[in-house]
Amino acid sequence: MLKAYSELNETTRGMAKLVIAGSSGWGGIDLRKLCDELGISSQVTILGYVHTNLLIELYKRALFLAMPSLYEGF
């Protein structure tokens, strides 16, 4: 997701900030370091685990929701 977001032009990234919510997942990737390497740290917010009330607000304000998966169980 971060790599794809970094490939958008600056104007498009400026219109839609990327917000990542959820506890760290499988693979132990350092998302903040990857954002720095991709040059998108100022346009990405990494929240980590969020409580239900904040999650509801994030859903309400989102332009879209993406839930990429590295593994599907079917």
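Atom set for the values below is all heavy atoms of this structure, side chains included, hydrogens, waters and symmetry mates excluded.
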Given the rule in the side chain to side chain contact (heavy atoms under 4.5 Å, CB included) test, do Asp30 and Arg32 qualify, once you have shown the distances and angles that lead to the verdict? CA-CA 6 Å; Asp30 185 341; Arg32 286 182 175 82; 3.8 Å; yes

Which atom of Cys35 lies closest to which atom of Ser41, heavy atoms considered: C-OG, 3.3 Å

Could you grab the distance from atom CE of Met15 to atom CG of Leu8, nearest 0.5 Å is fine? 10.0 Å

Check this for me: does any side-chain nitrogen of one of Lys3 and Glu7 sit under 4.0 Å from a carboxylate oxygen of the other? no

Distance, nearest 0.5 Å, that separates CG of Asn9 from OG1 of Thr12: 3.5 Å

With hydrophobic residues grouped by side-chain heavy-atom distances under 4.5 Å, do Leu63 and Leu65 end up in a single group? no

When rounded to the nearest 0.5 Å, the distance separating CG of Leu38 from CG of Leu31 is 10.5 Å

Checking side-chain contact (heavy atoms from CB on, under 4.5 Å) against Arg13, which of Val44, Leu18, Ile40 comes through? Ile40

Give the intermediate values and the outcome of side chain to side chain contact (heavy atoms under 4.5 Å, CB included) for residues Leu47 and Ile20. CA-CA 6 Å; Leu47 299 175; Ile20 300 174; over 6 Å; no

Would a single hydrophobic cluster contain both Val50 and Met67, if residues Ile, Leu, Val, Met, Phe, Trp and Tyr are joined by side-chain heavy-atom contacts under 4.5 Å? yes

Separation of Arg61 CZ from Ile56 CD1 (nearest 0.5 Å): 13.0 Å

Set out, in order, the CA-CA distance, both residues' side-chain angles and the distance that settles side chain to side chain contact (heavy atoms under 4.5 Å, CB included) for Tyr49 and His51, then state yes or no. CA-CA 7 Å; Tyr49 174 82; His51 292 282; 4.0 Å; yes

If hydrophobic clusters are built from ILVMFWY residues whose side chains come within less than 4.5 Å, do Tyr5 and Val19 share one? no

